[in-house]
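Positions are given from 1, in the same order as the sequence printed here.
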Amino acid sequence: MEWEIDKTGLDSPLFEGFCDTSDRNFFFVTNMETNVTRWDKKMVSYFGMHSEYMIDGGFVWSEFVHPDDREEYLKDITELMSGRNRVHTMDYRARNSKGEYVRCTCRGIVIDGKDGGADMFVGSIENHSISDNVDSVTNLYNIIGFRQYYQLLRQNGQGGTIILVGINNFSEVNDLYGYRIGDQLLRILGESLVSKIGHKYGPVYRMDGVRFACCLVGMDDKDEVSTIYDQIKRIAAHELYLGGERIAITVSAGAVVLGEGYDESSLLTSASYSLQQSKYEKHGELVFFDENLMADSRKNVEILSTLRESIRNDCDGFFLCYQPVIGAESEKLVGAEALLRWEKEPYGLVPPGLFIAWLENDPNFFDLGNWILRRAMTEGKEILNYYPDFILNVNIAYPQLSRKRFRKCLKEIIDETGYPPKNLCLELTERCHQLEISYLQKEIDYLKSLGIKIAIDDFGTGFSSLNLLKDLDVDTLKIDRSFVSDIQGNVANQEIVRAISNCATNLNIHVCMEGLEDRDMIDYMSRFGPYSYQGYYYSRPIRMEDFKAKYFPQENN
């Protein structure tokens, strides 16, 4: 029983104080004479240990260590407890109260007893599944701290506005001054935001990448928020000094006025969406989220929260439609593009233009993107029985291509579905072009080494340009429908399409014309030498069962 355990040397208020200083570091102390260990109470709770005090605690703890790591752990602890070693440093996996194994780093040292007292073995176990909430570069609370603060705001029923600020073209700062100076600049900007904004309106957080969140507690007047953002832009442009030299940067920002229905994930995704709008469409002007989508902002929040929940529930409510790609010379089926759709009561079928851009800023999109790939390859495999040269086009977004795990996940999906890579074409959406060109080159080279084809979607708009063809090894350009819809009466569009087509042809790149809606348009576009067509004239996007009925040979009864 616990009252029989000798707690000599273990009941110190200093130990309790250390235990309260960190959420991810669990402390322990062992009296090596009595062989009694005292564990951090948080550790006892997290791992489901039976007591705060234990005899032979080091060996009892071994039962929590992963079986594959246990032998090495016991060897090291035996060396230490026998006096042959005085330092313990080891990485291993340990089982928590949920039965999950988490990565841990244990560090401990033997401290000699004084005045005849017992030697003490003291140390900490760092739980790597729990993240620190302080950013080491800026010394600001990070995104974890932001989530905790927002939960507190909700609990207290407090409103306000969140401004998510992003630095434009920060890679240029690193290229010009080096990463060390870049980190210093982030720290100085963070300090300036705290002193000029944070002390007056609410806390400032260092978020992921080069983004900061400013919490304007109790402020929901958009004019006032815009005035504060003007001050943030002045700080960035005129008030950042390193070694006496002023370094001017520009920023963009998205804002979300807090209201009912937001959880912290939906809030961050909405702010990220608005930040992207600010950076790439509004030239750095502040963009409020509720001005970008439906007028009924509460309904909007409900839909977006339900979308996220759908992804977590095995992509419930999502399905794919397929729009055929038709060969320009044969006018026969050569491929199809898989397009995402979502239908959920009580909202019904929600237009993709409403949610896809928003979802591409959500961390869950990586999982959704993998679901799209798996579903498209699974459904598309049957088509190859009838059309062996059929090419399945699947859109790939920035949150997928920018993840290091993307290569591994894609290869696993190909192996799982058995879909041949040579019949797969990945279409790079516009935001993919914002990746560093060297990174994009390496990713495309890897994909093509598997036999996968690469297309650039919506070519000619946004960040896509002929310069991309100089740097990237692509197979297809899909000319954006904005150049096609009125091309018969628009001389400028005619010359643009002609230039793109001629350039692509000389580089052995196929051209696909999108947005073709009638016969006259198709006959006119043939003069530009396209490889393929896509548009409503041939078919709207349709479910796979309708696609089969339309394009599979019908067996005679």
Tell me, do [X] and [Y] make a side-chain contact under 4.5 Å, heavy atoms counted?
X    : Y    : result
M377 : I413 : yes
L268 : F146 : yes
L164 : R211 : yes
M513 : V497 : yes
I163 : V225 : yes
F170 : L185 : yes
F406 : F366 : yes
K453 : L426 : no

Approximate separation, where rounding is to 0.5 Å, of [X] [atom1] and [Y] [atom2]:
X    : Y    : atom1 : atom2 : value
M90  : T105 : CE    : OG1   : 10.5 Å
D221 : T161 : CG    : OG1   : 8.5 Å
E514 : S482 : CD    : OG    : 10.0 Å
L401 : E443 : CG    : CD    : 5.5 Å
I414 : L410 : CD1   : CG    : 4.0 Å
I162 : M207 : CD1   : CE    : 8.5 Å

Can you name the closest pair of heavy atoms from [X] and [Y] and give their distance?
X    : Y    : result
A237 : R246 : O-NH1, 2.6 Å
V474 : I509 : O-CG1, 3.6 Å
F47  : N96  : CD2-CA, 3.6 Å
V325 : C512 : CG1-SG, 4.4 Å
C106 : Y92  : CB-OH, 3.5 Å
S501 : I479 : OG-CD1, 4.1 Å

Partner residues of R93 under the salt bridge (Lys or Arg N to Asp or Glu O under 4.0 Å) criterion, sequence neighbours left out: D69
Between [Y] and [X], do the side chains contain a donor N or O and an acceptor N or O under 3.5 Å apart?
X    : Y    : result
N168 : S252 : yes
K478 : Q534 : yes
Q323 : N393 : no

Would a distance-only check, ignoring hydrogens and angles, find a side-chain to backbone donor-acceptor pair under 3.5 Å from [X] to [Y]?
X    : Y    : answer
S278 : E285 : yes
S274 : S270 : yes
Q400 : A397 : yes
N490 : A492 : yes
S195 : E191 : yes

With salt bridge (charged side-chain N to carboxylate O under 4.0 Å, His left out) as the test, would you mind laying out the steps for K41 and E16 before giving the verdict? CA-CA 9 Å; K41 289 180 180 179; E16 296 176 358; 5.6 Å; no
Between K448 and I452, does the side chain to side chain contact (heavy atoms under 4.5 Å, CB included) criterion hold? Intermediate values first, please. CA-CA 5 Å; K448 292 185 74 68; I452 296 171; over 6 Å; no
Name the orientation class of the two ring planes belonging to F18 and F27 (parallel below 30°, tilted from 30 to 60°, perpendicular beyond 60°). tilted
Mind telling me whether F26 and Y46 have parallel, tilted or perpendicular rings, with 30° and 60° as the class edges?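 Answer is tilted, since the angle falls between 30° and 60°.
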What I want to find out is whether [X] reaches [Y] closely enough, with some N-O distance under 4.0 Å, to be called a salt bridge.
X    : Y    : result
K196 : E239 : yes
E100 : R95  : no
D20  : K42  : no

With sequence neighbours excluded, give me every side-chain hydrogen bond (donor to acceptor under 3.5 Å, both in side chains) pair touching residues 198-207. D135-R206
Test applied, side-chain contact (heavy atoms from CB on, under 4.5 Å); reference residue, I188; option that passes from L193, D183, L242, I247: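 Between I188 and the candidates, side-chain contact (heavy atoms from CB on, under 4.5 Å) is satisfied uniquely by L242.
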Run the numbers on M43 and I125 for side chain to side chain contact (heavy atoms under 4.5 Å, CB included), then give the verdict. CA-CA 9 Å; M43 179 176 173; I125 296 175; 3.3 Å; yes
Would E416 and R374 count as a salt bridge (charged side-chain N to carboxylate O under 4.0 Å, His left out) if you check the C-alpha gap in whole Å, the side-chain angles of each, and the deciding distance to 0.1 Å? CA-CA 8 Å; E416 174 190 327; R374 183 176 290 105; 3.1 Å; yes
Let's go through R312 and D367 carefully: what are the C-alpha distance in whole Å and the side-chain angles of both, what is the deciding distance for salt bridge (charged side-chain N to carboxylate O under 4.0 Å, His left out) to 0.1 Å, and is it a yes or a no? CA-CA 9 Å; R312 291 193 292 265; D367 295 328; over 6 Å; no
Please confirm whether R540 makes a cation-pi placement over Y536, using NZ or CZ under 6.0 Å from the six-membered ring centre and within 45° of the ring normal.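 Verdict for Y536: a cation-pi partner in R540.
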List the atom pairs, donor and acceptor, that lie under 3.5 Å between side-chain atoms in residues 313-320 and the rest of the protein, sequence neighbours left out.
residue : atom : partner : partner atom : Å
N313    : ND2  : E309    : O            : 3.3
D316    : OD2  : K344    : NZ           : 2.1

